[in-house]
Each structure stands twice: as structure tokens, then as C-alpha cells.
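All values below were derived from every heavy atom in this structure, side-chain atoms included, with hydrogens, water molecules and symmetry-related copies excluded. Quick note: residue numbers are just sequence positions, from 1.
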Amino acid sequence: MEKYATWVQRSKDAPLHIVISEKPLKEFTVKDVEAIMEMIGPHTQRWKSFQIDEASLQTIRIILDHLSECKLPQLNYLRIVEWRNGRRSPEELEFPGLPPFFDSLTDWGSLEPSAFDIPQPEWEPLGPLAFDTPQLQKLELVGVVVDFNSPLFYNLQALHLKDEYFEQLEAQTAKNVVHQLLRRSPHLKQLHFHGPRSNLGSLSQNPPPLPLTIGDPLTHSYLVDLTLGLQRPAFDAIISSTRFPALRSLLSSSGNSVGLDSCHLQLLAKISPFPSLRRLSLSASPDNPQYDLYLPEALSTLTSLEELALVEFDMTQVAKALPILGHSCPQPSKLYLY
């Protein structure tokens, strides 16, 4: 520890990039954490990036308690990773418990009465991150839940969230959480919800039980990249209530483009949720051919497509739609018909 203290002192006024990890240490005690924070805490004015990697929740809490009310004027990157990397035990996932600050976002009336008989797991939220970070642009939270009303979200340009709890959220709650984040982060360009187990690819194999409800959408004008590692109902609730005029990529947790089905064509036609999307795969729904009628209108809203795949559509509908695509998006580089 003395060696590290010497390095910090010798760095004088240079920006500091700090990583704290329990992984290489066989015994990481509360005393160790306190000693580290006493060593680096007086220099928060110089912190440029700060990472807590694979640490216990206790360690994370101690560190954040030391930072409470601190000013970190140069910090532009913050990463907090709990040691389980966002995975939860089966017992913790038996009931989709929510931290207290999510209560107002939950449609409790949609839960079955029997759900209240199941012990709720401890979310152990970190609450608001109460330190001043006016330059923070990138935030990664893995396996931890915080109060999204924290001021540090305001200037963010990239936000990565990974926790298995997000995969369990009821659709309306997931939509409200995403809308809350978008309102708190008006300059956000990248938003990634990673579910450790979710692998949302083509949605055509899991169609919605009811037609999508399309209302007055929230518009976020800056988001360019969006990853939604969520269940199908939550995914549909978000894209049917939000417009992303600048969005270029829509991905699943696995990193693959999310394929939509014909149930989404009416959505594309009516609110044009992502007119700047670069790649898209659309699959027909044989059981619901009436949705295919929206294909021409839907394609007319996709003005920036570079790659399009149409899967199992009636070729009569495709023949009507392609001239419209040629007019609205004259230079797609790749077109696949399956």
C-alpha cells in the first residue's frame, strides 16, 4: 500500500485513472478498502476515470460512501461491476422485486395476487450516487441498481446496464424505466440494456398475444445505438412508445441485430420509431396476414437503410413495397429475400 501511496504523491497534478478490483486479492477486508479510499480520496479532483471491478456489494458501498458529496470535476468514465457480473440466483429471481425508487414505476395491479405470497429478494439498491460529476460521459453498471434520478445521468453520452433483474421487469415498468433514463439523459447517444441470459433475436418465433398499443411516443433525438436485452413484451412496450430519430443500430444482448416481424409493420408505418436505422430484418406472420398490408407504408419510413431482409412475405406484397423503398431509400447496399 505504501508503494501505491508514493505513486499517487509523485503523480502531482496529472489526471488519475483508477481501477479497484478484489479479484487479484485473496483477502480483501473492510480495512483494506478503507485504506485505499484514504489514500486516493484526497485526490478526487484529478480523477479522470474510476473503475470498481468484480467487487462485493459491501466493498462497493464502502467506496461510494467515501465519495458521498465529493466533487469529481474531471471524471468522464465510471464503471461499477459487482462480482456476480449481473447474474442472480434462481431464488432471487422467483419474484421480480423492485428497489424502493422503482415503486412508482410499477403496475402492481398487473401482478397475480399469489405473487405477494412469495418472499421478495433483496435488490440492495445503491440509491442515488451523490457525488458531483459534471463531465461524466460514460457509465457502466453491472450487477448493481441505482436511483436513476441521480444528477450524474444528465450529461451522459453512453450508458451500459447489465443485470438479470432487468430481464424480469413487467413490460410497463420496463418502458417507464427506459423513459425515465431518456428524460434524465437528454444527450445520451448509446443505451445498452444487457441481460446476462437474454438472447432476443428474431421476434417472429414469439409473436405478441395482442396487437401492439401505439400511443403518443416519447422522442429522444440523440440516441444512436440501442441494445435491449429484454423479454418480448418489454421490448414491444418500449419501441411502441418511443421515437429515436437518430437511431442507427438496434441490437440484442448477443450483439446481433433485432429482427422484427410483421406485427411491427403498423408501428413502423404510424410513428416511424427509427427512420435512421441502418440494418433491419422483417419476417412475415403467416397467422396474421393482415399485418403484411402495412409493408409499403412501413418501408417508406426507413429512409437510411443500408441492409434489409424480408423473410417469408408474399411476393405480391413485396413487389408493391420495393418501388416505395426505392423512392424513400434509393441506395440500399444489400437486399435479401427469403
Problem set entry | Electrostatic pair Arg232:Asp261 at N-O distance under 4.0 angstrom | yes
Exercise. Any ion pair linking Arg61 and Asp65 (charged N to carboxylate O, less than 4.0 Å)?
Worked result: no
Quick one: closest heavy-atom pair of [X] and [Y], and the distance?
| X | Y | value |
| --- | --- | --- |
| Leu72 | Pro134 | O-CD, 4.0 Å |
| Ala309 | Tyr338 | CB-CE1, 4.1 Å |
| Phe235 | Leu250 | CZ-CD2, 4.1 Å |
| Leu267 | Pro273 | O-CD, 3.8 Å |
| Gln317 | Leu295 | O-CD2, 4.1 Å |

Seminar exercise, completed: Only one of Arg278, Lys334, Arg248 passes salt bridge (charged side-chain N to carboxylate O under 4.0 Å, His left out) with Glu306, and that residue is Arg278
So, [X] and [Y]: side-chain donor and acceptor under 3.5 Å apart, yes or no?
| X | Y | value |
| --- | --- | --- |
| His17 | Gln51 | no |
| Asp225 | Ser249 | yes |
| Asp32 | Thr29 | yes |
| Asp163 | His194 | no |

For this session: Applying side chain to side chain contact (heavy atoms under 4.5 Å, CB included) between Phe274 and each of Leu223, Leu247, Thr301, report the one that passes.
Result: Leu247
With distance as the sole test, does [X] use its side chain to make a donor-acceptor pair with the main-chain N or O of [Y] at under 3.5 Å?
| X | Y | answer |
| --- | --- | --- |
| Ser150 | Asp147 | yes |
| Gln137 | Asn155 | no |
| Arg243 | Ser272 | yes |
| Thr59 | Ala55 | no |
| Arg46 | Lys12 | yes |
| Ser241 | Ile238 | yes |

For this session: Could you check Val81 against Ile52 for side-chain contact (heavy atoms from CB on, under 4.5 Å), going step by step and ending with a plain yes or no?
Result: CA-CA 6 Å; Val81 182; Ile52 307 172; over 6 Å; no
For this session: Show your working on side-chain contact (heavy atoms from CB on, under 4.5 Å) between Leu282 and Val311 and close with a plain yes or no.
Result: CA-CA 6 Å; Leu282 288 168; Val311 182; over 6 Å; no
For this session: Could you check whether the rings of Phe153 and Phe148 sit parallel, tilted or perpendicular, using 30° and 60° as the cut-offs?
Result: perpendicular
Exercise. When the ring planes of His220 and Tyr222 are compared, do they come out parallel, tilted or perpendicular, using 30° and 60° as the limits?
Worked result: perpendicular
Problem set entry | Check against side-chain contact (heavy atoms from CB on, under 4.5 Å), Lys138 and Leu156 | CA-CA 6 Å; Lys138 184 175 182 179; Leu156 284 182; 5.8 Å; no
Exercise. Do Ile324 and Tyr336 sit in the same hydrophobic cluster, where Ile, Leu, Val, Met, Phe, Trp and Tyr count as joined when their side-chain heavy atoms come under 4.5 Å apart?
Worked result: no
Would you call [X] and [Y] a side-chain contact if the rule is heavy atoms closer than 4.5 Å?
| X | Y | result |
| --- | --- | --- |
| Phe244 | Ser276 | no |
| Ile40 | Ile20 | yes |
| Thr242 | Ile271 | no |

